[in-house]
Asker: 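Submitted below is the structure of interest, expressed as structure tokens.
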Amino acid sequence: MEIETAFHHGAVAADAKPILEMRGIKKHFGNVIALAGVSFDIRPGECHCLLGDNGAGKSTFIKTMSGVHKPTEGEILFEDKPMNFSSPRDAMEAGIATVFQDLAMIPLMSVTRNFFMGREPTKGAGPFKRFDVARANEVCVEEMRNMGINLRGPDQAVGTLSGGERQTVAIARAVYFGAKVLILDEPTSALGVRQTSNVLATIDKVRKQGVGVVFISHNVRHAMAVGDRFTVLNRGKTLGTATRGEITPNELQDLMAGGQEMAQLEGSLGGTI
Amino acid sequence: MEIETAFHHGAVAADAKPILEMRGIKKHFGNVIALAGVSFDIRPGECHCLLGDNGAGKSTFIKTMSGVHKPTEGEILFEDKPMNFSSPRDAMEAGIATVFQDLAMIPLMSVTRNFFMGREPTKGAGPFKRFDVARANEVCVEEMRNMGINLRGPDQAVGTLSGGERQTVAIARAVYFGAKVLILDEPTSALGVRQTSNVLATIDKVRKQGVGVVFISHNVRHAMAVGDRFTVLNRGKTLGTATRGEITPNELQDLMAGGQEMAQLEGSLGGTI
Amino acid sequence: TDIVVVSHGQANDPFWSVVKNGVEQAAKDTGVNVEYRSPETFDMVAMSQLIDAAVNQEPDGLVVSVPDADALGPSIKRAVAAGIPVITMNAGSDVSKSLGALLHVGQDEFTAGERAGEKLKEMGGKNGLCVNQEVGNVSLDQRCAGFAKGFGGQVKVLPTTNDPADIEAKVRAALQSDTSIDTVLALGAATAGEPSVKAVKALGEGGGKINVASFDLSPGFLKDVENGDAAFAIDQQQYLQGYLPVSFLALNAKYGLIPASNVASGPNLITKDKAAQVVDLSAKGIR
Amino acid sequence: MPADSTVTDERVREETLLARLMKRPELGAIAGLILVTIFFLFTANASMFTLSGIMNFLTPAAQLGILAIGASLLMIGGEFDLSIGSMVAFAGMIFGALVVNLGLPLIVAIPGTLIFAGMMGVVNGQLVIRTGLPSFIVTLAFLFILRGLSLVGLKYLTGGSTQLRGVRDAVGDDWLAPFFSGDAFTGLFAKLAEWGWIDTFKSGAPKVPGVPVEILWFIGIALFATWILLRTPAGNWIFAAGGDKNAASNSGVPVNRVKTTLFIVTACCAALVAIMTVIDAGSTDARRGFQKEFEAIIAAVIGGSLLTGGYGSAIGAFFGSIIFGMVVIGLTYTSIDQDWFQVFLGGMLLLAVIFNNVIRKRVTGER
Amino acid sequence: MPADSTVTDERVREETLLARLMKRPELGAIAGLILVTIFFLFTANASMFTLSGIMNFLTPAAQLGILAIGASLLMIGGEFDLSIGSMVAFAGMIFGALVVNLGLPLIVAIPGTLIFAGMMGVVNGQLVIRTGLPSFIVTLAFLFILRGLSLVGLKYLTGGSTQLRGVRDAVGDDWLAPFFSGDAFTGLFAKLAEWGWIDTFKSGAPKVPGVPVEILWFIGIALFATWILLRTPAGNWIFAAGGDKNAASNSGVPVNRVKTTLFIVTACCAALVAIMTVIDAGSTDARRGFQKEFEAIIAAVIGGSLLTGGYGSAIGAFFGSIIFGMVVIGLTYTSIDQDWFQVFLGGMLLLAVIFNNVIRKRVTGER
Ligand SMILES: Nc1ncnc2c1ncn2[C@@H]1O[C@H](COP(=O)(O)OP(=O)(O)OP(=O)(O)O)[C@@H](O)[C@H]1O
Ligand SMILES: Nc1ncnc2c1ncn2[C@@H]1O[C@H](COP(=O)(O)OP(=O)(O)OP(=O)(O)O)[C@@H](O)[C@H]1O
Ligand SMILES: [Mg+2]
Ligand SMILES: [Mg+2]
């Protein structure tokens, strides 16, 4: 397997101050313990991959990061200040943009309206301030094209888009609005070859601009292609963080599968995954 | 890239009679042309991969195959008889099991109830015939475990499962009920390493039992690992079908991206996708 | 000749269906063309709009009930201004003249309630219950108010829904929790009157001790009166309130004839001795 | 591997039995019922909780409840039927006509009425399915149409009156009548009275002659509906159809068949209530069942059913109806000014559902 | 790259202008309106479509429509308000009390009433948000509570009656009154009558003295609501909040703020109708606005709003109200027997929505 890529890595000083730091996060849903104390941080200009088996708690973890869930226990420091996001809007205003695994889109609404939902561009002033639909449509079509999707029209309902088109809208939206931290929960799962490479290239681009990227994926190759650090979750706990170069793809793959039966799996599939 | 796998390929006689044949399928949604005449067939005991860029029409195509959409034009032959499925239930009864890209699950219902939705096991007779909840729970937990997911309890609501856990329920369900044709629309997109290898192994297993499998994926490795034939869709048209061995992974990748700019992409990502 | 009748009661209200039957009979007898209209609930705003709609068609006569002169006044005045002869019926005897109507046929709800109250007091009642199945409908509220005045003693209003089972249970509850109640007045025979009788009977102590009376007639309630389970029913002879104005207006249109004063159609108490004769007519919707 | 090996998951905390029970939608409404009961224990006249007082508020609750259980099944299946109130009047008229005007025995008249109602259910269901219009608007149209037809029909049948009388005489002592009207277990109650176990009048007759049959129907239907919902494939289909029509249909649930059946069931529940009330009252009129559709939905919602479908229970509707019936009748037993009836009704409903909610969240640890 | 380069997609067929228009929810209801108009053109007295006839059915349509537009915004935002009918009575009582009992001028009384209503909106909204209960049940409680309070309040204010009179005298010739009652453009209409362009009574006064102000409010509010929905960020938030609360909130839409605002707007629409009808009628009573919540929802649904939220339009509610108003008043102009009114109303509603639907599907090629 080739993992050396054209991307530039390791430019971030290992001792750079984290933008966002999560300490000992626990999250219980009723009697279910989804997170049993996870610590994590993200520094400007790095891509920190969050890996782990299905149900490990990755999505739950980034949802506490982006204000959707309140942690049952634990501390969130944003730029060194303790933070208590009471809604995703708060987190967004602080500078955290997220692509959720369920995409957070409204099927009945048009692509443009979904794209700008919550942050509509306006024109006019005072009581005549209004949603600048023309510009919104233009931006939306343009951004989608950059990701490799040619929309039929910006007023198509998101519910009628294909799985990958829909995912691309969510990613393009998060990237467009910029942020200090960009969180991507399995952004490439439904994407085609071309769209995937666009997204990976985009991650690289925003990282270069000093944004901290949290990237969740089940695909070791994708993670290896852009990641600077790798944190592996397992059953609600962290198995530790590795820096790029410290770990081989095979070791990573082992960790992601919970260290279990990997030898046997490898054998049966001949490293095709 | 290693693509030789432990799976057994090519056992299907190239001239075996197709179980299901689709001829010149067209599908329009209002003014959108999603499929512009696609032909496709699936033979017993083979895994036929359906590949293509985002929005190429793969999901729309398999939805006409499984009775969700009525084709605007075109013919469906099931075991040589023209078929006109008026609902997915009809298709299911004819022997077509499908895992849809959106999974077709009800978030508010429990895992077991989702698993057996539409085909509940019963006990008792006559007016006392009832849903055999105990057995259903047992089967469901067991099948999920076989796929590599340990459920907390079979009465957990599907809406509270993680993305991968949910996808696994849908796959386990389709496989459990057996069929003559098994259609999987991006079944591995949200799955972890271990779960993915389980699913690929399962595809191999049911193929050996003579089931025809239609497998949609954006991941060339997954497709190459289990596919016997490969059909590539592009913008609602088919680019042709290739048999295993006739085509290299790189050629396939090229085709999937619509043949566009692949050289450049390859360069920038170093073959990491 | 076209005559329009606009009332505030619904076509499926047992009381008003009798008025409507009177209207139809009069139309048949005099050979005029009559439209009967009413809003779907007790709604003065909607009713004034119906009157406006009628006026637009410039009929040869207009019959209206006037439970709220403030709300309906402008519309009626507009009709008068347009030269349409107007007769008021049922409610509104006090304002009829001032609105420009020719005369009023009917009886005041308040007066009827008062008469009922006096009669029930005579029968020895001290502590009354007024069962109101449509609180806020002004004409029903006036019946209760009149009852309270005529009765003199203590009167409690029991608001209920329109459902017989609810009414029966609530009347029973009221009688169980306040055993001093000796008089029940229901504001509608079929909806409230019959269940009240059943409630009293279910207490097992019915018959003589608790007097039940009701406004309006229904065959079922009249049977109760006949059997002695209920004291009496208050009849406004509302058939007349439909029949007379229409025939007056028909005559007016034909010959210019019109009576010079108001016609009082009730009240008329139907007691045990008269009940039997009335039952059949009631079952046909004439009383 | 046995199924129970999953419980050894280190990621699951222990859960109390109470918490497990409170998670069920059918049990949520119990908290509200307890609250309302306690309220009335303190404020109402003692006669409310005597045997006869309880029967008194349970009778209207039972009539409402039969409708509410039908409505809740339909709501779980993702649709509404706003025509059930009008259906009570319409079915009552049909039943009256069969019994009085045609003089048919109950063994013919009752199935006839139910079939008529069922056919209306089919019409509702087919219209909703074929047109794809929301059932709200389709059944709303039938709310008006059936109510109007009842009026027209009654006037036609009686020659001008809105009340059709004489059902009691016509039914007479038909052997089926005791199953649909009057009280059950009268013999038992007479015995109990004899032994002095229950209150009697001076005459020695029991104050409560028996259990009104509608209460038995109510309980029976609630249990049956619960069994269907939780223990049969049909129940699974109802939840699925209401939870997500497309997902259910894609998974092989015959969604249209399920919905049509539910419309039929709801209409038949309304017809059953109509039959019972008409025999009981001996008459029917054009205003029967007015706004019952509304009350039925209220009871179902108090009982925890979601308006959006896919979630709820028949037992919830059962408790919801009792809460509603108790609040409506209960105020009369208190010394609160009756003018405050509606304020009280609204306030109690709000309190009951909020209380349900708070208790459930507290117990299950949700937030 | 210019945005229009997307239209050169070979996978899009040409679409007629008509098809593009019919796809909009706001225009679906036009087909129904046309159908109903044609029906009345054939069956109704010619005076229905004279100027005065049109004003006559537009007036109730306008009063309903103002409520329906509020209700449709709220429905699009994913919630219901069942208390608007009662709010009409309650706000009417408050307004009556301010004007008659306290003798305040309109410039104080009108804002006072609106603030009162708005506060009720806040209560509704906060209860729904804080408790997480469905708005159906919360506002239902207020349906009862407000109706009950109106009764109690009116009795208190009038010393026992349920009708408060004398508003017209109290308002007198307050300079604000013409904005909320009576007719606008009376001068213009008098002139037109003089010139013989419009019908007059024998006296020479125009049959239609002017345009009732509620019609102007109705049109104004419909346009304003449409602008908000389609052309402002707030409109986008309303659709998002109703389409999927979680997705909207995760995308940064302040869902709770949006919903509370919508509850306030709905309550204020009800209060506005109350103010106009009370000044117009000169009186108020405890039954004002009875079942208006229901009619408002009907109008919104006819106009294409979904009960499940996230889809609909204010213009749709506008047309829906006109259809409803036309059917209700239209009967008066026909010779159809009043007994058939409800059958007629239900039938026309069903026809109108089915027709809307068929036309839309036919034109847009959906199936
Ligand atoms: N609301 C909830 N109630 C109960 N359990 C929940 C809830 N949300 C998540 N869980 C459980 O918490 C665990 C972690 O879920 P999460 O979605 O974070 O997993 P994940 O790591 O994102 O998995 P995947 O890779 O499959 O998306 C899962 O086992 C899931 O069943
Ligand atoms: N109901 C619909 N109305 C209009 N257009 C639709 C509808 N359903 C699908 N489409 C369009 O048809 C095209 C094909 O969609 P489809 O879901 O089949 O793509 P796909 O090949 O499965 O893509 P992906 O890999 O992203 O899942 C898309 O461009 C989509 O926008
Ligand atoms: Mg996840
Ligand atoms: Mg797809």
Side-chain angles (χ1 to χ4, degrees), chain A residues 1-7 29 32 52-60 101-102 148-150 152 156 160-165 167-168 185-186 188-198 200-201 218-222 224-225 253 256-258 260-262 265 267-273, chain B residues 1-7 29 32 52-60 101-102 148-150 152 156 160-165 167-168 185-186 189-198 200-201 218-222 224-225 253 256-258 260-262 265-273:
Chain A
M1 272 176 274
E2 308 139 72
I3 47 145
E4 277 317 308
T5 72
F7 295 144
F29 295 107
V32 172
D53 205 4
N54 289 132
K58 303 180 294 298
S59 299
T60 307
Q101 192 169 11
D102 64 8
I149 302 276
N150 281 311
R152 292 218 180 66
Q156 190 175 359
T160 66
L161 289 182
S162 83
E165 289 168 343
Q167 196 164 43
T168 312
D185 193 352
E186 306 194 19
T188 54
S189 63
L191 295 192
V193 179
R194 205 148 42 90
Q195 289 77 8
T196 302
S197 73
N198 278 333
L200 297 183
H218 287 298
N219 191 315
V220 187
R221 284 156 216 272
H222 295 180
M224 278 310 214
Q253 183 133 331
M256 281 166 67
Q260 197 183 341
E261 309 159 40
M262 237 4 243
L265 287 177
S268 79
L269 288 167
T272 45
I273 312 158
Chain B
M1 271 178 274
E2 310 139 72
I3 47 143
E4 277 317 309
T5 73
F7 294 144
F29 295 107
V32 172
D53 205 5
N54 288 133
K58 304 179 294 299
S59 299
T60 307
Q101 192 168 14
D102 63 6
I149 302 277
N150 281 311
R152 291 214 181 69
Q156 189 174 358
T160 65
L161 290 182
S162 83
E165 289 167 343
Q167 196 164 43
T168 311
D185 193 353
E186 306 195 20
S189 63
L191 296 192
V193 178
R194 204 149 43 89
Q195 288 76 10
T196 301
S197 73
N198 279 332
L200 296 183
H218 287 297
N219 191 315
V220 187
R221 284 154 215 272
H222 296 178
M224 278 311 218
Q253 183 132 333
M256 281 166 67
Q260 198 184 339
E261 307 158 42
M262 240 1 244
L265 288 176
E266 278 290 325
S268 81
L269 288 166
T272 47
I273 311 158

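Computed from a prediction, not measured in an experiment: that's the story for all the values here.
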Asker: Which residue out of B:Gly163, B:Gly55, B:Ser59, B:Ala190 racks up the most heavy-atom pairs below 4.5 Å with chain A?
Answerer: B:Ala190
Asker: Out of the candidates A:Leu191, A:Val193, A:Thr196, only one should pair with B:Asn54 under the side-chain contact (heavy atoms from CB on, under 4.5 Å) rule; please name it.
Answerer: A:Leu191
Asker: Would you mind checking which part of B:Ser189 comes under 4.5 Å of any heavy atom in chain A, side chain (CB onward), backbone (N, CA, C, O), both or neither?
Answerer: both
Asker: Between chain A and each of B:Gly57, B:Gly164, B:Gly148, B:Ala56, count heavy-atom pairs under 4.5 Å; write down the option with the most.
Answerer: B:Gly164
Asker: For chain A, which candidate among B:Glu165, B:Gln195, B:Glu186 shows the most heavy-atom pairs at distances under 4.5 Å?
Answerer: B:Gln195
Asker: How long is the gap from CG on A:Asn219 to CZ on B:Arg221, to the nearest 0.5 Å?
Answerer: 8.0 Å
